[in-house]
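Read through the structure below, which is laid out as structure tokens, and then see the notes.
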Amino acid sequence: MLNPFPELLSFSPLAPLVLRLVIGLIFLDLGILKFRNERKRWISSFQALHLNPAELLVTIFGLIEVVGGVLLILGAWTQIAALAFVILVGLEFYVEYKDASVLKRDIVFYMLVLAIAISLLLTGAGAFAFDIPL
């Protein structure tokens, strides 16, 4: 079947850019929440799951999300950040699944973020990035 809008295919490098910006902003926000509004709930959840020292682990978790979000927004080390986020999405889903008091997001959110992270892992940064495809 012919593509109905073949002229739009010339903009295909912009698709990873859009995905990169969206997931970067999402993880930047999630990381900041771990330092502010959701911090106490995350610490209590980590303690309930016997992940100690909980405060340090929540701080590391939040720091990875903030730094990774900034890296994705800039388009630097995109595939490394995307791989880290694939792992972190799985961990965050597990923590929220096991401890319902933290549950702020649902499975649809995690599936969408996981799909975007896998897409960036496989396709790279796209346009306007520091990463250069080989």
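All values derive from a computational prediction rather than experimental measurement.
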#### Entry: salt bridge (charged side-chain N to carboxylate O under 4.0 Å, His left out) contacts touching residues 74-90 (sequence neighbours left out)
none
#### Entry: Where at least one partner belongs to residues 12-27, residue pairs that pass side chain to side chain donor-acceptor pair (under 3.5 Å), sequence neighbours excluded
none
#### Entry: Any Thr78 side-chain heavy atom under 4.5 Å of Leu72 side chain
yes
### Query
Cluster question for you: counting only ILVMFWY and a side-chain heavy-atom cut-off of under 4.5 Å, with indirect links fine, are Leu25 and Val89 together?
no
### Query
Parallel, tilted or perpendicular: which describes the rings of Phe93 and Tyr97, with under 30° parallel and over 60° perpendicular?
parallel
Side chains of residues 51-64: which donor-acceptor pairs under 3.5 Å do they make with residues two or more places apart or in other chains?
| from | atom 1 | to | atom 2 | distance (Å) |
| --- | --- | --- | --- | --- |
| Thr59 | OG1 | Arg39 | NH1 | 3.4 |
| Thr59 | OG1 | Arg39 | NH2 | 2.8 |
| Thr59 | OG1 | Glu55 | O | 2.9 |

### Query
Under 4.5 Å between side-chain heavy atoms, hopping through other hydrophobics if needed: is there a path connecting Ile118 to Ile116?
yes
### Query
Same hydrophobic cluster for Val18 and Phe128, using side-chain heavy-atom links shorter than 4.5 Å among ILVMFWY?
no
### Message
Could you tell me if the side chain of Phe85 sits less than 4.5 Å from the side chain of Leu121, heavy atoms only?
### Response
no
### Residues, nucleotides or ligands: over 12 heavy atoms within 6.0 Å of Leu49 CG
yes
### Query
Is any side-chain heavy atom of Leu8 less than 4.5 Å from a side-chain heavy atom of Phe11?
yes
### Query
Of the non-hydrogen atoms in Leu19 and Ser119, which two are nearest, and what is the gap between them?
CD1-OG, 3.6 Å
### Message
A side-chain contact here means heavy atoms from C-beta on lying under 4.5 Å apart; do Ile80 and Leu83 qualify?
### Response
no
#### Entry: Any Phe27 side-chain heavy atom under 4.5 Å of Val113 side chain
yes
### Message
For a quick test of reading the model, state the closest non-hydrogen atom pair linking Ala117 to Ala82 and the distance between them.
### Response
O-CB, 3.4 Å
### Message
Taking Phe109's backbone N and O only, do any of them form a donor-acceptor pair with Asp106's side chain (distance below 3.5 Å, no angle check)?
### Response
yes
### Query
If you take all heavy atoms of Ala125 and Pro16, which pair is closest and at what distance?
O-CB, 3.5 Å
### Query
Does a side-chain heavy-atom distance below 4.5 Å link Asp29 with Ile26?
no
### Query
Hey, what do you get for CD1 (Ile23) to CG (Leu28), rounding to the nearest 0.5 Å?
12.5 Å
### Query
Going only through I, L, V, M, F, W and Y residues with side-chain contacts under 4.5 Å, is there a path from Leu112 to Leu122?
yes
#### Entry: Cluster overlap Leu120 with Leu74, hydrophobic side-chain contacts below 4.5 Å
no
### Message
Heavy-atom count check: over 12 atoms from other residues, nucleotides or ligands less than 6.0 Å from Ile107 CD1?
### Response
no
